[in-house]
Amino acid sequence: MANKRSGGGLSPVQQAAKFLGVSVLAGAVAAGIALPAAGALGLAAKGSVEGFDEIPANLKRPPLSQRTTILDNQGGRIATVYSRDRTVVELKDISPYMQQAIVAIEDSRFYKHGAVDLKGILRALNRNAQSGEVSQGASTLTQQYVKNVFVEEAGDDPTLVAQATQQTLGRKIKELKHAIQVEEELGKKKILENYLNITFFGQQAYGVEAAAQRYFSTSAKDLKLEQAALLAGVVQSPTRYDPVNDEQEAIQRRNVVLQRMADLGNVSQAEADEAKEMPLGLKVSKPNNGCITAVKGASFFCDYVRELVLNDKVFGKTKKARAKLWNEGGLTIRTTLDPQSQKSVQASIKNHVRKSDKVATAATLVEPGTGKILGMGQSKPFGYGKNETELNYSVDRGFGGSAFGFPTGSTFKPFLAAAALEEGTPPIQEYPAPFEMPYPETVQTCDGSPWRNSEGAKVENEDESEVGPYRLREAMEKSVNTYFVQMIEDIGMCPVSKILDKMGVVQGNGKKLPIVPSSLTLGSTGISPLTMASAYATFANRGTYCTPIAIESINRRMGGETKSIEVPKSTCSRAMSETTADTINQLLGGVVDSGTGQQAGLSDRDNAGKTGTTDERRNAWFVGYTPNMSGAVWVGSATQAVKMSNITIGGQWHEKVYGGRVPGPIWKDAMTGALEGKEAPGFNPVVIPDPPDEDRDRPGDGDNGDDRGNGNGGNGNGGIGDLPIPQPSFSIPEEWTIGGGNGNGGNGNGGRFP
């Protein structure tokens, strides 16, 4: 009578024996170990068949990680990224030679036995007993497939991988139970297909399709006899039989496979002998993985797409879920990147700034009305060597960008002007705008407690000839600092803060801008080029702001099926009236026509823009747009350590860098190429009365009016015009903080940097 375990029923061992048969259970031992050498191998029986009935009956088969392909908006490949270089193919798309070769060398009785090959077990036991070591195993292809599923599920976690491959009876018994389930559910052909797609072939190639591409630059469907035999031989030990690093060892192993195929009747002896005489015939394609390999200079855009998938909750509620999606891959991501625009951005950058220069540039183009990012590039290439960087200067810190963005200088003034117009300020508003003046004693904030100029900070214009009174149009064209300081005194800071929220303007660290006049008037706070380009697109789009997007669609291949995945959509909302936007377009059109941005102006279509240069010329900007494209260009040092005076950039010497003289031409060339062949719609015209004739053509007209945002010292606390800026809540390293003014009348600084 059978022994009963406590609580009734057969013992775990007896249940296992009943389920598998004594011979099969014995095979679990023989499959992974040789009995004479068990002690030497340190194999333990602990936790083996105990609790066998508690092993889950269903094998979880995670989607196989595959390549992800990132495309531009025309379907051209930008980059291929993967954690496993794999392309899953169906059995019909795998060469019959490959199918025969892997069965011949790994499990020649595959079609004759079940999940466990008893005959193979007995043969392995006999040979291992004779040799006194593990000279032959008896795992079937089905068992090997199950083990690979465990490894795949472990991912890149070394602890989980070790657990999935540990040489214990417990793992073998678990493997056996699942192998039986797989045989019943899938059948031989599907098991073979899955095995050929999951197994590792060395040289970073997972699955037979990737292996065929890696070693022979061909498809799995077109593998020849000798090629298939080589790949089948590699599987047992991808390092030992690596044909790239040990040709002779690989040839010997290939020939063993060929002979085995002949012995089994897969091919004739003559065919096998002929194949044995063939050279390896490698045509190796190097692994081409990651955004660092992106074409068209789109490495940073590619990395931005990766960051979007990892950060946007559209792709998963948790960070872990989003990372799993990215790592499993199998995605075809069609992006918004326009190849014409991207080519033009890269050409312009290369023509104006060298990667070895002391300063860098970053440029981003977006489409008004859709938020689509059309181009993104920078002069410091993506990489880890000299004059290379991993930081994407175009985007916020949360998406791989610099820590704080870059102070924008006078490119911020149109936001203030738009807020004033929305508050009812007429476009012919006039202020005295002297060359130099103290900041207002108080400026209203949103919470009712006014900001106070307790430090007695002052502000001045770029040139002593810039003396008012000025109306808004002339003040914008010449970028007159004192005019806009008087404007914010009139309307307060709350209207500016509110319109910035509507236009998506945040600091480079993702936080709202500080409510202080230097930040909301003269651009002392760090902002990314993508944020600036998207905000200015609001003007081009007649007052409607659209959030930037980089992804148009994603399709995911899983289990032979392709499914679409939801992607983030641009959301558009009104930020200002059409009249206000049209008026700003008219004002900024004057900047490129006769103001500080003349060197950036386009001659063949309506365009508008604004220059900006921060204190001590540490940053220079040009942000501009046409009705159908908006772009931002920044030039400066990522560490903010370089003052751009008496400096060579792109092989040209500059006594002083202005927003109109370095970033402006970069913008002009990038936009010109990007818009070539595209329609040229016009802005909606607005009539702004001209000032009286006697007020025109005063000294100081021209490009030298591009302001630095300089203030006249005061106590030198570090803001533009020495306006004190509240310290951020996080700690800023000392070397990341530019010192304040020099005390008695010294110039204040342009804020903080990334």
Side-chain angles (χ1 to χ4, degrees), residues 300-301 303-305 307-308 311-312 336 345 361-378 391-416 418-419 496-514 519-520 522-541 544-550 568 570-573 575-576 584 609-610 612 614 619-625 629-636 638 659 663 667 751-754:
F300 290 103
F301 177 79
D303 191 63
Y304 178 67
V305 169
E307 292 286 350
L308 284 174
N311 285 279
D312 198 308
T336 61
V345 166
T361 187
T364 299
L365 305 180
V366 302
E367 184 175 64
T370 68
K372 293 178 180 179
I373 302 172
L374 304 176
M376 180 182 289
Q378 64 190 52
L391 291 179
N392 183 349
Y393 299 146
S394 288
V395 302
D396 290 349
R397 179 175 63 182
F399 296 95
S402 59
F404 305 111
F406 305 100
T408 60
S410 292
T411 58
F412 203 90
K413 289 172 181 173
F415 303 143
L416 169 57
V496 186
S497 180
K498 288 180 178 179
I499 206 167
L500 293 178
D501 290 343
K502 295 177 181 179
M503 298 176 74
V505 179
V506 295
Q507 299 181 64
N509 59 12
K511 298 182 179 181
K512 293 183 64 171
L513 274 68
S519 177
L520 302 186
L522 303 180
S524 64
T525 302
I527 301 173
S528 72
L530 174 58
T531 296
M532 292 297 289
S534 299
Y536 268 53
T538 307
F539 302 136
N541 196 34
T544 297
Y545 168 73
C546 297
T547 57
I549 56 170
S570 179
T571 58
C572 300
S573 57
M576 66 192 73
I584 294 294
K610 184 69 186 75
T614 65
N619 302 275
W621 288 76
F622 187 86
V623 188
Y625 54 93
M629 190 174 291
S630 176
V633 177
W634 162 82
V635 175
W667 180 89
R752 289 160 176 78
F753 59 87

### Message
Between T370 and C546, does the side-chain contact (heavy atoms from CB on, under 4.5 Å) criterion hold? Intermediate values first, please.
### Response
CA-CA 6 Å; T370 68; C546 297; over 6 Å; no
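- Among the candidates L374, V633, L365, the single residue satisfying the side-chain contact (heavy atoms from CB on, under 4.5 Å) test with V345 is L365.
- For the residue pair T364/S394, the side-chain donor-acceptor check at 3.5 Å is satisfied.
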ring-ring contact (aromatic ring centres under 6.0 Å, His included), that's the test. Do Y536 and F415 meet it? Break it down for me.
CA-CA 9 Å; Y536 268 53; F415 303 143; 5.7 Å; yes
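- Atom NZ of residue K413 and atom OG1 of residue T408 lie 10.5 Å apart, to the nearest 0.5 angstrom.
- Side-chain atoms of T531 and S534 include no donor-acceptor pair closer than 3.5 Å.
- The backbone N or O of T525 sits nowhere less than 3.5 Å from a side-chain atom of S519 that would complete a donor-acceptor pair.
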Problem - CA sep, side-chain torsions, deciding dist, call: T411, F622, side-chain contact (heavy atoms from CB on, under 4.5 Å) - result: CA-CA 7 Å; T411 58; F622 187 86; over 6 Å; no
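- Between F406 and Y393, the ring planes are perpendicular. Angles over 60° get that label, and only those under 30° would be called parallel.
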Exercise. How far apart are the C-alpha atoms of K512 and D501, what are their side-chain angles, what is the distance that settles it, and do they pass the side-chain contact (heavy atoms from CB on, under 4.5 Å) test?
Worked result: CA-CA 8 Å; K512 293 183 64 171; D501 290 343; 3.2 Å; yes
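- Counting only distance, with no hydrogens or angles, the side chain of N392 and the backbone of F300 share a donor-acceptor pair below 3.5 Å.
- Using a 4.5 Å cut-off on side-chain heavy atoms (C-beta onward), M376 and V395 make contact.
- E367 places no side-chain N or O within 3.5 Å of a backbone atom of A537 that could act as its donor or acceptor partner.
- No donor-acceptor pair closer than 3.5 Å links the side chain of D396 to the backbone N or O of F399.
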query = Does the pair L513 and V505 meet the rule for a side-chain contact (heavy atoms from CB on, under 4.5 Å), with working shown?
reply = CA-CA 8 Å; L513 274 68; V505 179; 4.1 Å; yes
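- A side-chain donor-acceptor contact under 3.5 Å links W621 to the backbone of P407.
- S402 contributes a side-chain N or O that, together with a main-chain N or O of G405, makes up a donor-acceptor pair within less than 3.5 Å.
- When all heavy atoms of A535 and M503 are compared, the closest pair comes out as O-CE, 3.2 Å.
- Side-chain contact check for Y625 versus V366: every heavy-atom pair is 4.5 Å or farther apart.
- At distances below 3.5 Å, not a single donor-acceptor pair connects side-chain atoms of Q507 with backbone N or O atoms of G526.
- A donor-acceptor pair under 3.5 Å is formed between the side chain of S570 and the backbone N or O of T547.
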